[in-house]
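Just so you know, residue 1 is the first one in the sequence shown, and it goes up from there.
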Amino acid sequence: MSFLKEIQRRRTFGIVSHPDAGKTTLTEKLLLFGGAIRVAGAVKSNKIKKGATSDFMEIERQRGISVATSVMGFEYNGYKVNILDTPGHQDFQEDTFRTLTAVDSVIIVIDAAKGVEPQTEKLMNVCRMRKTPVIVFVNKMDRPAGDPFTLMDEIEDQLKIKVRPLSWPINNGPDFKGVYNIFNRSLKLFTPDIQEIEERIKFEDISDPTLEDHIGEDADVLREELELVEGIYPEFNNEDYLSGELAPVFFGSALYNFGVQELLDSFVKIAPTPQPSETEERVVKPEEKGFTGFVFKIHANIDPNHRSRIAFVKICSGKFERNKMYKNVRLGKSFRISSPTAFMASQKEIVEEAFPGDIIGVPDTGNYIIGDTVTDGEDIHFKGLPSFSPEMFRFVENADPMKSKQLAKGVDQLMDEGVAQLFTSAFNGRKIIGTVGQLQFEVIQYRLEHEYGAKCRFEPLSMHKACWIECNDEKVLTEFKKRKHQKMAKDKLGRDVFMADSAFILQMAQDEFKDIKFHFTSEF
């Protein structure tokens, strides 16, 4: 197959939602249709045995939530599909934001009863900023839900995007009978059986009287609602979708495999092929022959038995080949990548080649950090992978003096993953960990103990904001650091960070030192 055809058949997308919308269940069922999971069955029953395929860490299985992005790929109907299953919990939103830089499109999962949650709104803001195409999947139609037209209005109002239903539900909850697929004009009837995948019934003309044979008196209601859909919502235009202005909407129940195949069938046809990527120097196009990619995630101990550390690289252009030398632009050094891997969560296999849109895992001994650019020689720097200013801070202390080396190594590696951020106080040298939410501290503590054999304790630290600072006038910067010595720290890369006690203190510092720039993300 030619290089261009390989690019055109790639589809790389992220799945995002708030925790309870059933995102992980949808991921499982997409993999089922892709042939990646050979045995059908509900995630709920699988969790007793092994948890969701995408939740491969022990703490994820115990808590029933995703705390790290998982990468999975499979072949489907001639397409190569790459799924990035993101954490749903808001305490891990920074990992989700970084993941969105590595996808070409997004599927947003919404609970039919709860509607749009605040976390989903934040994620949509990121998609809007990047003009990422979005598909909405309304899940859990087998449970009592609100009026679908009201839900469409809510999605438009809160996500600030035009919608176009490409399937339509017939009732909900105990009366849920199925969905009519507007995209391919077919009816699919719902059976609450997780082992069965219903066949589609073709209905080119919705006025066909045999429709009553399948859904009875609901046929007239369906015809009226579909007429309203055609009258209210704009015609589906693929260009509007690809530009991020229109969101196609599908209905279903992921738990029962229902509506998922329609979503996947439509997705591979309308979703974008790998897109151009911006660097500081120029725009990189996927069809270029020169290889380029960037590290958007690092995960340590993906296999706890081997203490392995993997850097996840999104390929942006050119053809990747195993055993070739590729340059880490930040270090200015080239490394031979002899064991690149493709993923199914924690399961991986060696790949000989990969193309734009693919995600590969590169074994890492500490040479890569999040945001690194990898090329076959060109010096360019990809943009858009910042760390955000944390909202919660704790001093980290060793709880077992005999395991100080293990603690240092564990903290070092977990911070490289982007789980949280590490600061070292300039005043007393104490280590400070900053996170977005409380749950991250619990995950760090758990992983340090179970993956590194180290115990730590966290001591409270009252802090409002950590700001990266820069100034062109060295004298002014030196004076500021001298005056604010007790509140200064260094981040993991040695950059100056001002730790403000309160919003008032921060505002005072900004007013007093006009020449200093205060940054709330690490990318400046």
Spacing of [atom1] belonging to [X] relative to [atom2] belonging to [Y], to within rounding of 0.5 Å:
X: I505; Y: M463; atom1: CD1; atom2: CE; result: 11.0 Å
X: F312; Y: I360; atom1: CZ; atom2: CD1; result: 11.0 Å
X: I107; Y: F13; atom1: CD1; atom2: CZ; result: 4.0 Å
X: H299; Y: Q413; atom1: NE2; atom2: CD; result: 10.5 Å
X: M488; Y: F423; atom1: CE; atom2: CZ; result: 11.5 Å
X: N398; Y: K405; atom1: CG; atom2: NZ; result: 13.0 Å

Within the supplied structure, the quantity of interest is the number of heavy atoms (other residues, nucleotides, ligands) at a distance under 6.0 Å from [X] [atom1]; does it exceed 12?
X: K492; atom1: NZ; answer: yes
X: E278; atom1: CD; answer: no
X: M325; atom1: CE; answer: yes
X: K131; atom1: NZ; answer: no
X: N323; atom1: CG; answer: yes
X: K484; atom1: NZ; answer: yes

Considering non-hydrogen atoms only, spot the tightest contact between [X] and [Y] and give its length.
X: P460; Y: F395; value: O-CD1, 4.2 Å
X: P286; Y: P356; value: O-CG, 3.3 Å
X: L84; Y: A102; value: CD2-CB, 4.3 Å
X: S317; Y: G290; value: OG-O, 2.7 Å
X: S105; Y: Y241; value: CB-OH, 4.0 Å
X: C471; Y: I516; value: CB-CG1, 3.9 Å

Main-chain N/O of [Y] paired to [X] side chain as donor or acceptor, under 3.5 Å:
X: Q275; Y: T273; answer: yes
X: E280; Y: I380; answer: no
X: T12; Y: V103; answer: no
X: K29; Y: V260; answer: no
X: R11; Y: Q8; answer: yes
X: T435; Y: A420; answer: no
X: D515; Y: D473; answer: no
X: R394; Y: R457; answer: no
X: T341; Y: G361; answer: yes
X: S266; Y: L263; answer: no

Give the intermediate values and the outcome of side chain to side chain contact (heavy atoms under 4.5 Å, CB included) for residues Q445 and C456. CA-CA 7 Å; Q445 207 164 23; C456 75; 4.0 Å; yes
For L100 and T132, run side chain to side chain contact (heavy atoms under 4.5 Å, CB included): C-alpha distance rounded to whole Å, both residues' side-chain angles, the deciding distance at 0.1 Å, then the answer. CA-CA 9 Å; L100 292 179; T132 306; 6.0 Å; no
Any side-chain heavy atom of [X] sitting closer than 4.5 Å to one from [Y]?
X: K465; Y: F518; result: no
X: V134; Y: L159; result: no
X: V374; Y: K327; result: no
X: R282; Y: E378; result: yes
X: P274; Y: F355; result: no
X: Q438; Y: M392; result: yes
X: I135; Y: I270; result: yes
X: D265; Y: N77; result: yes

Would a line drawn from the ring center of F320 to the ring center of Y326 be shorter than 6.0 Å? yes
In terms of ring plane angle, is the pair [X] and [Y] parallel, tilted or perpendicular, where the classes change at 30° and 60°?
X: F294; Y: F382; result: tilted
X: H450; Y: Y446; result: parallel
X: F498; Y: F480; result: perpendicular

Could you list all the salt bridge (charged side-chain N to carboxylate O under 4.0 Å, His left out) pairs where at least one residue sits in residues 352-372, not counting sequence neighbours? R10-D358, K80-D358, R309-D364, K319-E353, R322-E352, R330-D372
With a 4.0 Å cut-off on N to O distance, would you call K324 and D376 a salt bridge? no
Show me the donor-acceptor pairs, under 3.5 Å and distance only, between side chains in residues 426-433 and residues at least two apart or in other chains.
unit_1: N428; atom_1: OD1; unit_2: S425; atom_2: OG; d: 3.1
unit_1: N428; atom_1: OD1; unit_2: R430; atom_2: N; d: 3.0
unit_1: R430; atom_1: NE; unit_2: E397; atom_2: OE2; d: 3.0
unit_1: R430; atom_1: NH2; unit_2: E397; atom_2: OE2; d: 2.5
unit_1: R430; atom_1: NH2; unit_2: E459; atom_2: OE1; d: 2.9
unit_1: K431; atom_1: NZ; unit_2: T424; atom_2: OG1; d: 3.2

Is there a side chain to side chain contact (heavy atoms under 4.5 Å, CB included) between W468 and L493 once you walk through the steps? CA-CA 11 Å; W468 288 269; L493 297 179; over 6 Å; no
Between K475, R483, K481, which is the residue that forms a salt bridge (Lys or Arg N to Asp or Glu O under 4.0 Å) with E479? R483
Derivation and outcome, side-chain hydrogen bond (donor to acceptor under 3.5 Å, both in side chains), residues E121 and N125: CA-CA 6 Å; E121 290 184 61; N125 288 338; over 6 Å; no
Worked check of side chain to side chain contact (heavy atoms under 4.5 Å, CB included) between Y368 and L331: CA-CA 9 Å; Y368 297 98; L331 296 179; over 6 Å; no
